[in-house]
**Q** 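Structure below; questions to follow.
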Amino acid sequence: MRHILIGLAFLFTSMISAQTTGSIAGKLIDKEYNNEPLAFGNVLLKGTTTGTTSDIDGLYGFENLSPGSYTLVFSFIGYETQELDVEVVSGKVTTVNVPMGASAASLDEVVITTTTRKESETALLLDQKKAVAIKQSIGAEELSRKGVSNAAAAVAKISGVSKQEGSSNVYVRGLGDRYQNTTLNGLSLPSNDVNKKNINLNLFSSDVIENVSVSKAYSSKFYGDFSAGNIDIASKDYKGNGFFEVFTGSGFNSNAADKNFVRSEGTGYFGYYGRYEHNPFAIILSHGIDPVDAGTPINIVYGASGGESFDFNNGSRLSFFGTASFENNYEYRKGSAIDYTLTEKKAFVDSAEEYEYATTTTAMANVNYKINSDNSVKYNSLFINNSSDVVGYFGTDGSGRSRDAILNTEQGFYQMNVQFDQTQMFVNQLEGQHTSGKFDLDWGLGYNVVYSKQPDRKRVTLENYQFALDNDPNTNPTFYSNVVFDNQRYFQNIEDEELNSRLNLAYNISEDIKLNFGYDGRKKERTFDNIRYGYDIVNSNFPVTNVNDFNNIFSLENLNINPASNGIYEIKVINTVPTLSNTNRPGLPENTYNGNLTVYAGYFDAEIKAGEKWLFVPGIRVESLNQNIAYDVINLGINGEDEKNFYKNFYLPSLNIKYSLNEDQNLRFTASQTVSIPEFKEIAPFIYEDVTTRIGGNPDLLEKGFSEIINLDLKYEWFFSKSELLSVAAFGKQIKNPVNLVVGADATGTQRYFRTGDKATVYGFELELRKNLITDKDDNATLSFGTNATYMHTEQDLYAQIDGETYDVSFNKKSEELQGASPLLINADISYSPVFGTYKPTANIVYSYFSDRIDALGSGQLGNVIEKSVSTLDFIWKNNFNDAFEVNFSAKNLLDPTIKYIRETTLGDVVVNSANGNGVSDYKRGINVNLQLKYKF
C-alpha cells in the first residue's frame with residue numbers, strides 16, 4: 001500500500017508539473033543534403049548548462065521548462081550556429097524546426113571539417129542504418145585515423161573484403177576482380193590494366209576520398225554485371241570559408257634503406273616517360289639497356305589542398321575545392337622465382353631480387369554551384385599519374401636453373417628484367433541534383449580516358465652466370481639465345497575511352513511510398529597493341545665480360561648490318577612492314593585487339609513503408625548489353641585473326657526488405673538475380689609473358705556468353721550508440737557457368753580463363769563489432785575497439801574435360817573451391833584518443849588477416865597455385881597540437897610476413913610465382929616507417 005501511495009503521489013505531482021511547465025520540441029533539417037534530418041546536432045539553452053543533441057531522425061526536445069522566454073543555440077560542426085528566442089507556455093509544447101546550413105561566416109576555424117558529415121564514422125554509421133540496401137562505408141576520418149593511404153587499403157578494412165599482397169587485386173566475399181564493379185561518384189570507371197576488369201584502387205589516394213562504400217547486396221540501381229559487390233569512391237568537395245592546407249612527409253622501407261636503387265633508363269623521378277611519340281625501333285637504336293641510378297631510397301610525400309565558397313544574396317553558393325599531391329615509394333624484394341608445372345622449367349631459388357621505384361601524382365578539382373536549396377550542379381575533374389619502375393635480377397648467385405638451357409641446365413641461368421609501367425587517367429564528371437514538389441532528380445555524365453603503357457621493357461638472358469662471380473677473366477657468361485626473343489625489348493599500349501551516364505527520377509507519392517525510375521548507359525572502347533624486338537646473337541659463344549654494361553654490347557657499332565660488318569647482334573621483329581625485312585628494320589604491332597562494350601539499362605523500384613517497422617523495395621532492371629572484340633594475335637597462327645560478338649537482353653529482379661526491430665536495430669533481407677560477363681582481357685587470346693609466368697585470354701568463353709547468379713543476404717544490425725555497432729550477416733550465392741583462372745597442364749603452363757563447371761555455390765557469415773571502451777563527458781570515444789570477421793565456404797563442380805574450339809583443358813577432381821576465396825578474413829583495430837588541452841593525439845593499432853586461398857586452379861594432374869595466408873599489423877600515431885599544426889607517425893607491416901605462393905604437388909608444396917603478383921615469391925616486404933607534417937592556414 002505504501003508503494004501504491006508513493007506512485008499515486010508521483011503521478012499527481014507529474015500531472016501538476018505538466019500543467020505548470022511547458023516543453024520545446026522540434027527537428028533539425030540539413031539544408032546541405034536535400035533537407036534530410038540532421039542527426040547529432042547540438043541544442044543548448046543559452047545561459048545554462050542544459051543541452052541535448054538531435055537523434056538519428058533529427059528530433060530534439062526539452063521537458064518541464066518553466067514558462068517564459070528562452071534562447072536556443074543550435075550548432076553543428078561546419079554549419080552556421082543559430083540563436084532563436086522561444087516563448088514557453090504552461091502546459092504546451094512549442095515546436096521549433098530549424099534548417100541548418102553551412103555558412104562562410106562560421107567556418108573561419110573549421111576549414112575542411114565542413115565535410116565531416118560524409119567523412120565521419122558516426123555519420124556513415126547513420127547512413128548505413130538508414131540505407132535502403134545493405135552497404136558498408138569507410139570515411140576520410142577513419143581512413144586518416146587508421147593511416148590508410150588509398151582506396152584499395154580502405155576497402156580491405158571492411159568486413160568480407162581482402163586485398164592481395166603485392167598486387168592491386170581486391171576480393172569481396174571470396175570473389176575476385178571479374179565479379180566486381182568500381183565507380184566514382186556512382187559513375188563507372190575503366191580499367192588501367194590489360195589483365196584487370198577494375199581500375200587499380202591504389203591509384204586513389206586518401207587526399208581525394210571523402211568515403212568509400214562497398215555494396216555487397218544488389219539493387220536495381222547497379223549495373224547487372226554484379227556478383228561480389230560494387231565499390232563506390234565518393235570524391236571530396238568543400239563548402240565553407242577559404243582555407244589552404246599543405247603537408248609533407250618522409251620515410252623509408254627497412255628492406256630498401258641500405259640498397260643502391262636503380263630504375264629504367266629514360267624514366268623520370270616523377271614517374272614520366274618522354275618518348276611515347278617516337279617509334280620503338282628508333283628508341284632501341286638510340287637508347288641503351290642498362291638501368292640507371294634511382295637515387296637515395298627515401299620515400300617522399302607532399303601536397304596541398306585549398307577551397308573557397310562564395311555566398312550570394314539570392315541564397316546560392318559557389319564552392320571550389322582543389323587538391324594535388326605527389327608521393328614515391330622504394331621497395332626491395334628478395335626471394336625465389338620459380339616456373340613449375342608438372343616439372344620444374346625454370347628456378348631461381350633464393351636468388352631473385354627486385355628493386356621497385358613507384359610514384360603516384362594526383363590532382364583533383366571540383367566546382368559545386370548550389371543554385372538554391374532545391375537545385376545544385378557539380379563538376380569534378382580528376383587526374384592520376386601512376387608509375388612502377390621495377391628492375392629485376394634473377395639468378396644472382398649463379399645457381400639459376402632452366403630445363404631449356406643449352407650449356408648447363410643445373411646452374412648459371414640468369415635473367416635481367418627492367419620494366420616501367422605508367423598509367424595516366426583523366427576523369428571528368430558533371431552531376432546535378434534537383435527537387436520540385438514531390439519529384440527528385442539525380443543525374444550524372446562522365447567521360448574517362450586512360451592511357452596505360454609499358455614502354456621499352458628490357459630482358460636479357462645469360463648462361464653460365466657463375467663465371468661472372470669467379471673473378472677469373474678467362475671464364476665468362478654467354479648469351480642464352482634459344483630463340484631470338486630470349487633477349488628482347490618490348491613495348492605495350494592500352495587506351496580506354498568511356499562515356500557513361502546515370503539518371504534517377506524519384507516520385508515521392510507520400511511519406512510511405514517512393515517510386516524510382518532510372519537509366520544507366522555506358523559506351524566503352526579499348527585499343528591494345530604490343531611489339532617485341534629480339535636481339536639475335538650472331539656468335540653464340542660471345543663472352544659477356546661485364547654483366548653491368550650491356551650498353552657497350554648492344555651499341556650501333558656492334559649491329560650486324562651486313563655480313564662484312566662482323567657485328568655481334570641483329571634486331572629481329574615478327575610482323576614486318578610490307579616491303580621491309582624482318583632484320584634491322586622497324587616492324588608492325590605483334591598483337592592487337594579492339595574491344596567495344598555498350599550497355600543501355602532502365603530500371604524501376606518502389607520504396608514502400610508498411611507501418612513504422614517494414615520497408616519493402618522490389619525492383620526490376622532491364623539491361624541490353626552488346627560486346628564486341630576483334631583481335632589479331634600471333635600465338636594462334638592462321639586462327640589468330642578473328643572477331644567475337646555477344647548480345648543479350650537481361651531481366652534482373654531484386655527485392656530488399658528492411659524490418660526495424662526498434663529505432664536502434666534492423667533486420668535486412670535481400671534476394672536478386674545478376675549476371676557476370678567476360679572481360680576483353682579474358683577473351684582476347686593475347687599472351688603476356690613475364691619471367692616465370694604466362695597469362696592469356698580464351699575466346700571460347702563467349703560460347704555460353706555469361707554467368708547467371710542468384711544472390712541471398714540476411715543481416716542483423718544493432719546501432720547501440722551513435723558510434724557503436726554490432727552486426728551479423730549470412731549470405732549465399734549460386735553461380736551458373738563460373739569462370740576461373742586455370743593453369744594449363746602443358747609445356748608452357750600458360751594461365752587462361754575457362755568456364756570450369758555448371759555451377760558454384762558460396763555461403764558464409766560476417767560479424768562486425770565497434771565498441772567504445774572509454775568515453776568522455778560528451779560521449780565521444782577515448783578508447784575504442786573494432787573488429788570484423790568473415791567465414792566463407794565455396795564449392796564449384798568441375799568438368800572432367802573441356803574441349804573448346806580454341807583451347808582444351810581437363811580436371812581430375814569433381815569439385816574445388818573458387819579461385820580467390822579465403823575461408824577466413826579478420827580485421828581489427830584499437831584506438832586511443834585522449835585530449836590534453838589543445839593537444840589531441842590519436843594512437844591506432846590496425847590488424848588484418850586472410851587465410852590460404854587459390855590463386856589459380858590446376859588442371860589435369862597439376863595442383864593448384866595457392867596464395868599463403870598473411871597477417872599485417874600497423875601502428876599509426878596522429879598528433880594534433882592545435883587547429884593548425886599536425887604531426888603524424890606510422891610504422892606499417894610490423895609483423896613483416898612472408899608473401900608466398902606455392903603449387904600443390906604429389907611430392908609436396910613447391911614455391912612458385914603468381915601471374916597476379918610480383919616477379920618474386922617467398923619474400924618479405926619490410927617495415928615502412930613514415931613521418932608527416934601538416935599545416936592548415
Side-chain angles (χ1 to χ4, degrees), residues 259-265 288-293 332-340 343-356 390-419 457-490 534-555 558 568-569 689-693 910-913 918-923:
K259 303 299 186 297
N260 296 317
F261 261 73
V262 286
R263 56 181 168 84
S264 303
E265 186 275 336
I289 288 179
D290 296 322
V292 299
D293 180 59
Y332 171 78
R333 301 181 285 269
K334 183 175 182 180
S336 299
I338 300 174
D339 185 359
Y340 189 102
T343 60
E344 179 185 282
K345 295 193 299 179
K346 190 189 298 184
F348 307 103
V349 179
D350 298 325
S351 61
E353 56 183 7
E354 288 185 323
Y355 298 80
E356 180 173 8
V390 181
V391 177
Y393 300 109
F394 303 86
T396 54
D397 64 355
S399 66
R401 302 189 296 266
S402 175
R403 184 185 61 186
D404 297 324
I406 298 172
L407 302 178
N408 192 338
T409 60
E410 295 303 314
Q411 65 173 334
F413 201 76
Y414 170 91
Q415 290 191 286
M416 179 185 76
N417 192 74
V418 183
Q419 180 171 319
R457 185 190 73 192
K458 301 115 174 172
R459 186 172 297 168
V460 174
T461 309
L462 302 178
E463 292 195 87
N464 283 328
Y465 184 80
Q466 72 274 14
F467 292 151
L469 309 174
D470 64 4
N471 295 319
D472 184 351
N474 298 313
T475 57
N476 294 286
T478 57
F479 286 106
Y480 173 69
S481 189
N482 186 39
V483 297
V484 296
F485 296 104
D486 288 322
N487 300 279
Q488 62 171 261
R489 307 278 280 268
Y490 175 93
Y535 289 114
D536 189 10
I537 310 301
V538 176
N539 179 4
S540 60
N541 295 318
F542 178 81
V544 180
T545 58
N546 187 349
V547 295
N548 297 313
D549 186 10
F550 293 109
N551 290 346
N552 188 49
I553 298 174
F554 296 109
S555 64
N558 293 327
I568 297 172
Y569 70 96
E689 297 185 39
D690 212 332
V691 174
T692 56
T693 59
V910 176
V911 173
V912 294
N913 289 78
N918 290 308
V920 177
S921 181
D922 197 17
Y923 69 94

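The first residue in the sequence is number 1, and the count goes up from there. It should be emphasised that the depicted structure is a prediction, and the values quoted were computed from it without experimental measurement.
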**Q** Could you work out, with salt bridge (Lys or Arg N to Asp or Glu O under 4.0 Å) as the rule, every residue matching Arg489, not counting sequence neighbours?
**A** Asp456

**Q** Heavy-atom distance under 4.5 Å between the side chains of Phe550 and Leu462, does that happen here?
**A** yes

**Q** Is it the case that the side chain of Asn913 and the backbone of Ile338 share a donor-acceptor pair, with hydrogens and angles ignored and the cut-off at 3.5 Å?
**A** yes

**Q** Can you establish whether the number of heavy atoms outside Asp472 located under 6.0 Å from its atom CG is more than 12?
**A** yes

**Q** Can you sort out the partners of Lys345 under salt bridge (Lys or Arg N to Asp or Glu O under 4.0 Å), two or more places apart, ordered by chain and number?
**A** Asp339

**Q** Could you pull out all residues at least two apart from Glu356 that satisfy salt bridge (Lys or Arg N to Asp or Glu O under 4.0 Å)?
**A** Arg333

**Q** Quick one: closest heavy-atom pair of Gly919 and Phe394, and the distance?
**A** O-CE2, 3.5 Å

**Q** Verify, without hydrogens or angle tests, whether Asp397 (side chain) and Ser399 (backbone) share a donor-acceptor contact under 3.5 angstrom.
**A** yes

**Q** For the CD1 atom of Ile568 and the CG atom of Asn552, what is their distance to the nearest 0.5 Å?
**A** 8.0 Å

**Q** Check side-chain contact (heavy atoms from CB on, under 4.5 Å) between Glu344 and all other residues, then give those that pass, not counting sequence neighbours.
**A** Tyr340, Ala347, Arg401

**Q** Using salt bridge (Lys or Arg N to Asp or Glu O under 4.0 Å) as the criterion, list what pairs up with Arg457, not counting sequence neighbours.
**A** none

**Q** Holding to ring-ring contact (aromatic ring centres under 6.0 Å, His included), I want the full list of residues that pass it with Phe554, two or more places apart in sequence or in another chain.
**A** Phe479, Tyr535, Tyr569

**Q** Atom CD of Gln488 and atom CD of Glu689: how far apart are they, to the nearest 0.5 Å?
**A** 7.5 Å

**Q** Side chain to side chain donor-acceptor pair (under 3.5 Å): which pairs involve residues 475-487, sequence neighbours left out?
**A** Asp470-Thr475

**Q** How close do Ala468 and Val547 get, heavy atom to heavy atom, and via which atoms?
**A** CB-CG1, 3.9 Å

**Q** Run the side-chain contact (heavy atoms from CB on, under 4.5 Å) test against Ser264 and tell me which residues pass, sequence neighbours left out.
**A** Thr267, Asp389, Val418, Phe420, Lys458

**Q** Taking side-chain contact (heavy atoms from CB on, under 4.5 Å) as the definition, give me every residue that meets it alongside Ser555, ordered by chain and number, with sequence neighbours left out.
**A** Glu557, Asn558

**Q** By the side chain to side chain donor-acceptor pair (under 3.5 Å) test, which pairs, at least two apart or in different chains, include something from residues 542-551?
**A** Asp290-Asn551

**Q** For Tyr414, check ring-ring contact (aromatic ring centres under 6.0 Å, His included) against everything at least two apart and list the hits.
**A** Tyr465

**Q** If only atom types and distance count, is the side chain of Glu463 paired as donor or acceptor with the main-chain N or O of Ala405 below 3.5 Å?
**A** no

**Q** Does any part of the side chain of Gln415, heavy atoms only, come nearer than 4.5 Å to the side chain of Phe348, both counted from C-beta?
**A** yes

**Q** Kindly indicate whether the side chain of Val292, heavy atoms from C-beta on, has any atom under 4.5 Å from the side chain of Arg263.
**A** yes

**Q** What pairs with Tyr393 under ring-ring contact (aromatic ring centres under 6.0 Å, His included), at least two apart in sequence or on another chain?
**A** none

**Q** Show your working on side-chain contact (heavy atoms from CB on, under 4.5 Å) between Phe413 and Asp404 and close with a plain yes or no.
**A** CA-CA 10 Å; Phe413 201 76; Asp404 297 324; over 6 Å; no

**Q** Can you tell me how far apart CZ (Arg459) and CD1 (Ile289) are? Round to the nearest 0.5 Å.
**A** 12.5 Å

**Q** For Ser336, is there any backbone N or O sitting under 3.5 Å from a side-chain donor or acceptor partner on Ser921?
**A** no

